[in-house]
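A note on names: the letters A, B, ... follow the listed sequences, proteins ahead of strands, and every chain is numbered from 1.
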Amino acid sequence: MKNYDIVIVGGGPAGLAAAVSAKKAGCDSILILERDTELGGILNQCIHNGFGLHTFKEELTGPEYAYRFIKQVLDLGIEYKLGTMVMDIAPDKTVTAMNREDGMFTIPAKAVILAMGCRERPRGALNIPGYRPAGIFSAGTAQRLVNIEGYMPGKEVVILGSGDIGLIMARRMTFEGAKVKVVAELMPYSGGLKRNIVQCLDDYGIPLKLSHTVVDIEGKEHVTAVTIAEVGPDRKPIPGTEERYTCDTLLLSCGLIPENELSRSAGVEMNPVTSGPIVNESLETNIPGVFACGNVLHVHDLVDYVSEEAGRAGENAAKYVSGAEEAGATQGADGKSGAAQAEAGGDAEAGGAHVIALAATDGARYTVPSTINVDRMSDLLTVRFRVGDVYKNSFVSVYFDDERVMHNQKRIMSPGEMEQIVLRKAQLAERPLLKTITVKIENE
Amino acid sequence: MYDVIVIGAGVTGSAVARELSRYDISTCVLEKCEDVCEGTSKANSAIVHAGFDAAEGTLMAKLNVRGNEMMDELSRDLDIPFKRNGSMVVCIHKEALDGLKELYDRGIKNGVKGLKILSREEALKMEPNLSENVQGALYAPTGGIICPFELNIAMAENAFENGVDFKFNTEVKDIKKGEDDLWHLQTNSGEYTARYVVNAAGVYADMIHNMVSADKIKITPRRGDYCLLDKQVGGHVSHTIFPQPTNLGKGVLVSPTVHGNLIVGPTAIDIDDKEGTNTTAEGIDDLISKAGNHIRNLPIRNVITSFAGLRAHEEHHDFIIGEIADAPCFIDCAGIESPGLSASPAIGEMVGNILKEKMNLKEKENFKATRKGIVRTEGLSVAQMNDLIKKNPAYGNIICRCEMITEGEILDAIHRPLGAKSLDGVKRRTRAGMGRCQAGFCSPRTMEIINRELGIPYEKITKSGGESVIVPTRTKEGSGNSATSLEGTRGEVTGA
């Protein structure tokens, strides 16, 4: 097996954008490993439109959006392997993968970009009581069956969870002649984008019941009915509020979980809030040369932001590799690998570097990144975060240690929509003693 | 006409069938579901009990201890995973310490080897995540963990390879003794006749028994809810941890499974419905609160699925095994509740011996006691994997990302004797779909393989037979993978 400087795990939107920028940043030795039979990831089954408004200023379908990047990958001659599952990433960045043609093989990469995406939370993890018959699908699985395989899970549908895939599938199933009877959401707010609630539920008269959950599933072989009930502030069902819906299908859109099994076994440190790696301004994890982007880092709402973020990861990985090569060229005489030199050099540098921690409090749940090395940041750095509740006419405040430096009012913020602030390098560089930047939500 | 018909392809029926396949007779297993291991056998604690729990002198005690002894050789012969991880009964109330001694004494009388009473310190040393309140424990080194699916499937496969017929989707509706002195079994797919019948019908064993006997029995389905936890937390305990037993059973255990998950359960709720395997919120809540009494920081939020199984409880709480007094040549295996899985090989042996004597059976010369399981790619070295992939590239294609199950393993599951026909059939043979995403990722891929290999149209592929179809119809466009439907669409357009 050939060696590669950068191995990208996943050929979805994050992996593709990372590959393109790494190449453009000067790295010529890149390999994308994709487990599916095509590049594009989950976008291939997202045949609805609405993608690319930010990136391309036009409205594309998922496959069209993916193809914009796939074409660049092909034009730039970036190598990729399909049908290939990464089995292991070692802490030293040796990637072990497997496919039908090459068997099991290892690549000692100089840099690794984690772009594995996320998976859906299944019924089992929700502990929904009742039978376990056919007819229960996570929304994404149903989307694949409908849009790729061309088959319908059923005709009468109840959806639990108002995540974006569930909302999109409510409309898609309606287009296919199914009756979507209700969307029940455990929380008092939706986890999906406002525009999807309007365009996928409201436009088709599909009721959204907030603070509701499924309390029973009937049907021994196939789903025959689902009972939902209202939940109190403790999110426990309120007796007497049960409503029974006859149906043959239950779709679940109850959250996405970054798929970090490989990251964990590699020794990457995780943020328990995002279930994704903890990264610095370069989207680099605690393992030098291992970068993360897209839904494996934190779940996004818009693919445009995935592409932008992944582009930065790709560029930084390319920089890391060339830094390692320079270090190798200048100091390689003692026999250490270039990458090891770069790491050693990096550590020394970090000792004297100005590193600022980011904190999220008072309604802000997390930030990506978690730390900023001012010397290494770009002139403008986007920090993304989510809020933990619905906030109306509240302020996003940013504190440099105790000093409030940003205070922007927003008409509405909700957990389903990612928020962002932009930090300027100049602003941080002039504060050499700054230790912590705090993002919080304030009422006034 | 068969010499023997066994009703039920659960772990009991399959164990009996395997024993009978040693002899030169014709045997057939009738199963109402589409596969083996569809009832009680598929949803239980997956434990091989040591045998200290059942009352001295009962069949339960005797067959549990014997079944436990047989398990090492059997698991080797049938190539199935089995591990003696040892079990502990944990006492958390000082005043209940006498109970441990009582269990110890009972175990000694039952013939359980290696039992030991542990002090609080000894128990905590062996199992650091026991509750702070632990006062002492009974340790049984012979306790083990096994995969109930694989045990059941392997015994059935082995029986099949030794000549036993299996008829699936075949439900016995009525049984009469004919003038020809044969048993006539009416089923939904015609009549079967046999000289001898073995009733291994699980929760339905009373209905089968009562068809032929005036001495009625009643089997109460006793539901047990379980939670299965992610492999990430499979090492929370290394032994099978029981509370002290009560008159309702052995209580809520916490145990690693032989595949590295953590299992918590069961509850014990008597119900009427023999198919009532629905979990309830109360059941799961009850489970979680009880398990927390004995285990520190039980990582219950790592649950990947919950399920319920039914124990075939008979009021006298002992196995009913033997010829029915008023129905000669009709052998019951009824009331096979816990420790039925542990005892199953011994139940098979006992029924085999009963029939051997009654029918004067001769052992076949060509009986093959061994069976080769599906090649498990998990844990193979790179060189071993590459050998496998070179021979069959399907082993290089991962289908289930959570359990890392390859297409090669799924093809083996489908094409081997008594192969899988449904998603659950594949799942129970290979573990594809049993991981943390619970088949969200692999089910469309497994459906594609079933469609291709068995020629079953997508619309007919089921989760587990019967009405459990996954995708009953095509989309309006009739798009997707089928070339014929695309042709049809084009034809219409041209016609218009």
Side-chain angles (χ1 to χ4, degrees), chain A residues 35 83-85 87 96 98-106 119-138 140-142 144-155 172 175-177 215-222 236-237 248 252 257 259 261 264, chain B residues 227-228 232 275 277-284 302-307 382 385-386 388-390 393-398 401-402 404 406-407 423 436-441 443-444 447-448 458-459 462-482 485:
Chain A
R35 66 187 177 195
T84 304
M85 184 69 89
M87 311 296 284
T96 304
M98 183 170 89
N99 64 28
R100 299 173 67 105
E101 292 76 32
D102 305 301
M104 203 183 251
F105 57 90
T106 57
R119 63 162 175 269
E120 298 177 282
R121 182 168 283 124
R123 183 237 175 132
L126 303 163
N127 251 338
I128 304 171
Y131 285 92
R132 291 162 303 285
I136 305 170
F137 301 84
S138 57
T141 304
R144 180 183 167 112
L145 289 167
V146 174
N147 292 348
I148 306 238
E149 317 290 344
Y151 291 90
M152 282 291 282
K155 296 247 175 278
R172 183 77 183 103
F175 285 169
E176 288 295 334
V215 294
D216 195 21
I217 299 171
E218 294 172 53
K220 288 169 184 175
E221 298 186 6
H222 203 284
K236 298 265 185 217
D248 58 11
L252 304 172
I257 305 163
E259 195 147 38
E261 280 70 26
R264 279 197 194 90
Chain B
C227 288
L228 191 72
Q232 261 180 43
E275 300 285 328
T277 55
N278 54 319
T279 57
T280 62
E282 303 79 54
I284 299 289
N302 292 77
V303 62
I304 61 170
T305 190
S306 48
F307 61 91
V382 174
M385 270 317 290
N386 283 332
L388 207 53
I389 297 167
K390 204 171 276 173
Y395 284 101
N397 184 19
I398 296 278
R401 63 173 171 200
C402 301
M404 291 293 189
T406 65
E407 185 181 352
L423 289 186
R436 51 181 70 97
C437 97
Q438 289 285 297
F441 178 81
S443 55
M447 286 168 74
E448 193 185 318
Y458 268 71
E459 300 96 312
T462 64
K463 180 172 182 287
S464 57
E467 301 297 311
S468 66
V469 289
I470 315 287
V471 284
T473 56
R474 304 203 61 114
T475 52
K476 276 198 296 197
E477 292 89 342
S479 60
N481 293 329
S482 164
S485 75

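For B:C227, the part sitting under 4.5 Å from any heavy atom of chain A is the side chain, from C-beta outward, and nothing else. Of the atoms belonging to A:M98, heavy atoms from both backbone and side chain fall under 4.5 Å from chain B. With a threshold of 4.5 angstrom between heavy atoms, B:E407 approaches chain A through side-chain atoms but not through N, CA, C or O. Contacts of B:I470 with chain A are made by both backbone and side-chain atoms, with heavy-atom separations under 4.5 Å. For B:T406, the part lying near chain A is the side chain, with the backbone staying farther off; criterion is any non-hydrogen pair under 4.5 Å. Using a 4.5 Å cut-off between heavy atoms, A:L126 does not touch chain B at all.
The CD1 atom of A:I257 sits 9.5 Å away from the SG atom of B:C437 when rounded to the nearest 0.5 Å. With values rounded to the nearest 0.5 angstrom, B:R474 atom CZ is found 10.0 Å from A:E149 atom CD. For the atom pair A:N99 CG and B:I389 CD1, the distance stands at 8.0 Å (nearest 0.5 Å). Considering CD1 of A:I148 and CD of B:E448, their distance stands at 10.5 Å, rounded to 0.5 Å. From A:E221, atom CD reaches atom OG of B:S464 across 7.0 Å, with rounding to the nearest 0.5 Å. The line from NZ of A:K155 to OG1 of B:T473 is 3.5 Å long, rounded to the nearest 0.5 Å.
Between chain A and the options B:T277, B:T305, B:L228, B:L423, heavy-atom pairs under 4.5 Å are most frequent for B:T277. Of the listed residues (B:K390, B:M404, B:E282), the one with the most heavy-atom contacts under 4.5 Å to chain A is B:M404. If you tally non-hydrogen atom pairs under 4.5 Å between each of B:R436, B:Q438, B:E459 and chain A, the highest count goes to B:R436.
Taking every heavy atom of both residues into account, A:N127 and B:S306 meet most closely at OD1-OG, 2.9 Å. Of all heavy-atom pairs between A:A134 and B:S468, the closest is CB-O, 3.3 Å.
Between the side chain of B:N386 and the backbone N or O of A:M104, at least one donor-acceptor pair lies under 3.5 Å. Of the possible donor and acceptor atoms, none in the side chain of B:T475 sits under 3.5 Å from a partner among the backbone N and O of A:Y151.
Applying the ring-ring contact (aromatic ring centres under 6.0 Å, His included) criterion to B:F307, with sequence neighbours excluded, gives B:Y226.
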| said: Set out, in order, the CA-CA distance, both residues' side-chain angles and the distance that settles side chain to side chain contact (heavy atoms under 4.5 Å, CB included) for A:R35 and B:I398, then state yes or no. | reply: CA-CA 8 Å; A:R35 66 187 177 195; B:I398 296 278; over 6 Å; no
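Taking 4.0 Å as the cut-off between side-chain N and carboxylate O, A:E261 and B:R401 do not count as a salt-bridged pair.
Legend: salt bridge (charged side-chain N to carboxylate O under 4.0 Å, His left out) pairs involving residues 462-471 of chain B, not counting sequence neighbours, sorted by first then second residue: B:D424-B:K463.
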